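The figures here come from the full heavy-atom set of this structure, side chains too, leaving out hydrogens, waters and symmetry mates. Note that the structure is a prediction, hence the values are computed from the model and not measured. Ligands are counted one by one from 1 in listed order, and the atoms in each one are counted from 1 as well.
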Amino acid sequence: MMGKPRAIIVGGSISGLACAHSLGGAGWDVVVVEKASGLAHSGSSTGAGLGLDRHSCRVLAQWLTEQTLLHGSLPLKNQATDSEKKVCWTLARDDDFGFRAAHWGDLHALLYYSLPPQTVLWGHHFLSFQRSQEGVQAQVEIIETDSVIKIVGDLLVAADGCLSAIRRHFFPDHKLRYLGYSAWRGVLDFSENEYSDIILGLRRVYPELGNCLYFDLAQGTHCVIYEIQNKRINWIWYVNQPEPQSKGNSMTVKVRGDMVEKMHQEAEKAWVPELARLMKETKEPFINIMYDSDPLVRLSWDNVVLVGDAAHPTSPHGLRSTNMSILDAWVLGHSLRKSGVENLGLALKEYESLRLPVVSKQVLHSRHLGRLKQGFLFSPPHSFPWKNAGPEEREELLQRKMPFFEEIPLPGDILS
Ligand SMILES: Cc1cc2nc3c(=O)[nH]c(=O)nc-3n(C[C@H](O)[C@H](O)[C@H](O)COP(=O)(O)OP(=O)(O)OC[C@H]3O[C@@H](n4cnc5c(N)ncnc54)[C@H](O)[C@@H]3O)c2cc1C
């Protein structure tokens, strides 16, 4: 073959940009097709907090030109809240596993700016593809001009998220599963008011805020609170409810003022006053509808491969989706480098055989954690079992219990 092999990556979010780094590093020419018109501007409310585990941090350290996100390490603490008495106490705690919290927009921007210019085609909507033994041809609409172009390559990487059109091509009947609850979430920026009553109050109830990620468990519900860089507090509150209606394919519900008001009232009943106040003071909270899907039976076909949420839509309780995306990209790059484009099928099979067992178990364990914390596994349902939780129940809450948390199968000893 003349020149470098070429990969067409569909989707320019975390997985797509991670693959651009990994495949670029493996000697591939990459083009990323992303329908959004550009990077979310700095300070925009797009995205919220995410957690990076130590494997992801090691990988990112090799890709990012700026490393600020990767410093520090946070323990995770699960605590119970007695909603009537408005008190909370510690149930379980994970320490020393190199966990970091970051803002989605910060990670996305750092991945983007560490890539060669012109890698990403913003405002390009992938429409369809054809495969042959020679390679892949993608039809892509340039949104601004309404024109359609063809892009040819040796490999098509589906990084187009949990509603992936490319996954649908191979698994037309595969469905996302609504988890039975949705999440209110938001980020409070306190950079201009570090010593306000609300921040001081929060620090009293959550004394390790900034140095710890808190999970609060109450009657049939739970909440996650942590501080992210640049004086922001991220919170997520999971609420059991029938599947909300959303517009088109969106995973986010547009919220009205009356919905926000009701959420504030419910928060006062469920949580300690300081947490309810955090929710009240947050501008533009939004609702994420929670889905995952049963694990797929395969992730690759001759010259097409699924990565990230396209490959394994997951619930957020195991803090997995971003970490799985980064590891998918990393393993794919290594398998491609090792086998070369002449053995593309072999490389993709290796990727699939390394990642499928890991992501399948992690998706199912995350689902289990969500059901546990939302009270689905107790009788009567949503009763509050944490008051008398014994050592075994407490241990079940630990993030370390995630399958493959310590050791992830990798091609060769690439992360040692
Ligand atoms: C705007 C945004 C904000 C997010 N914020 C958070 C957050 O705060 N915390 C968190 O944990 N997770 C967040 N996520 C989700 C998180 O990125 C993913 O769960 C995880 O990192 C896996 O990412 P992914 O790249 O596989 O999927 P996604 O992040 O869903 O990205 C899929 C990408 O593919 C693009 N795409 C889809 N179809 C097409 C098409 N036909 N043509 C061209 N492009 C297409 C989408 O525009 C999107 O950019 C966010 C995702 C997005 C898109």
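Heavy atoms from other residues, nucleotides or ligands lying under 6.0 Å from NZ of Lys349 number more than 12.
In this structure, His108 has no heavy atom closer than 4.0 Å to ligand 1.
You'll find the side chain of Glu66 stays beyond 4.5 Å of the side chain of Ser114, heavy atoms only.
The backbone of Ala159, and not its side chain, has at least one atom closer than 4.0 Å to an atom of ligand 1 (non-hydrogen atoms only; backbone = N, CA, C, O). By the criterion of a heavy-atom distance under 4.0 Å, both the backbone and the side chain of Phe126 are placed next to ligand 1. If you look at Arg185 next to ligand 1, the close heavy atoms, those under 4.0 Å, all belong to the side chain. Residue contacts with ligand 1, taken as heavy atom pairs separated by less than 4.0 Å, do not involve His103 at all.
The ligand atoms of ligand 1 that sit less than 4.0 angstrom from a heavy atom of Val33 are 43 (C), 44 (N). Taking a cut-off of under 4.0 Å to the non-hydrogen atoms of His125, the atoms of ligand 1 that pass are 40 (C), 41 (N), 42 (N). Shown in contact with Ile14 at under 4.0 Å from a heavy atom are these atoms of ligand 1, numbered in order with element: 17 (O), 21 (O), 25 (O). Counting the atoms of ligand 1 from 1 in the order shown, those under 4.0 Å from a heavy atom of Leu50 are 11 (O).
Both tests do not hold together for Lys373 against Tyr238: distance to the six-membered ring centre under 6.0 Å, angle to the ring axis within 45°.
Aromatic ring centres of Tyr181 and His317 lie closer together than 6.0 Å. In this structure, the ring of Trp301 has its center less than 6.0 angstrom from the ring center of Phe171.
Checked against Arg320 for a side chain to side chain contact (heavy atoms under 4.5 Å, CB included), the options Val363, Asp53, Val359, Leu327 give a single hit: Asp53.
A donor-acceptor pair under 3.5 Å is formed between the side chain of Gln362 and the backbone N or O of Pro403.
Nearest to atom 32 (C) of ligand 1 by heavy atom, out of Gly161, Cys162, Gly308, Ala36, is Gly161.
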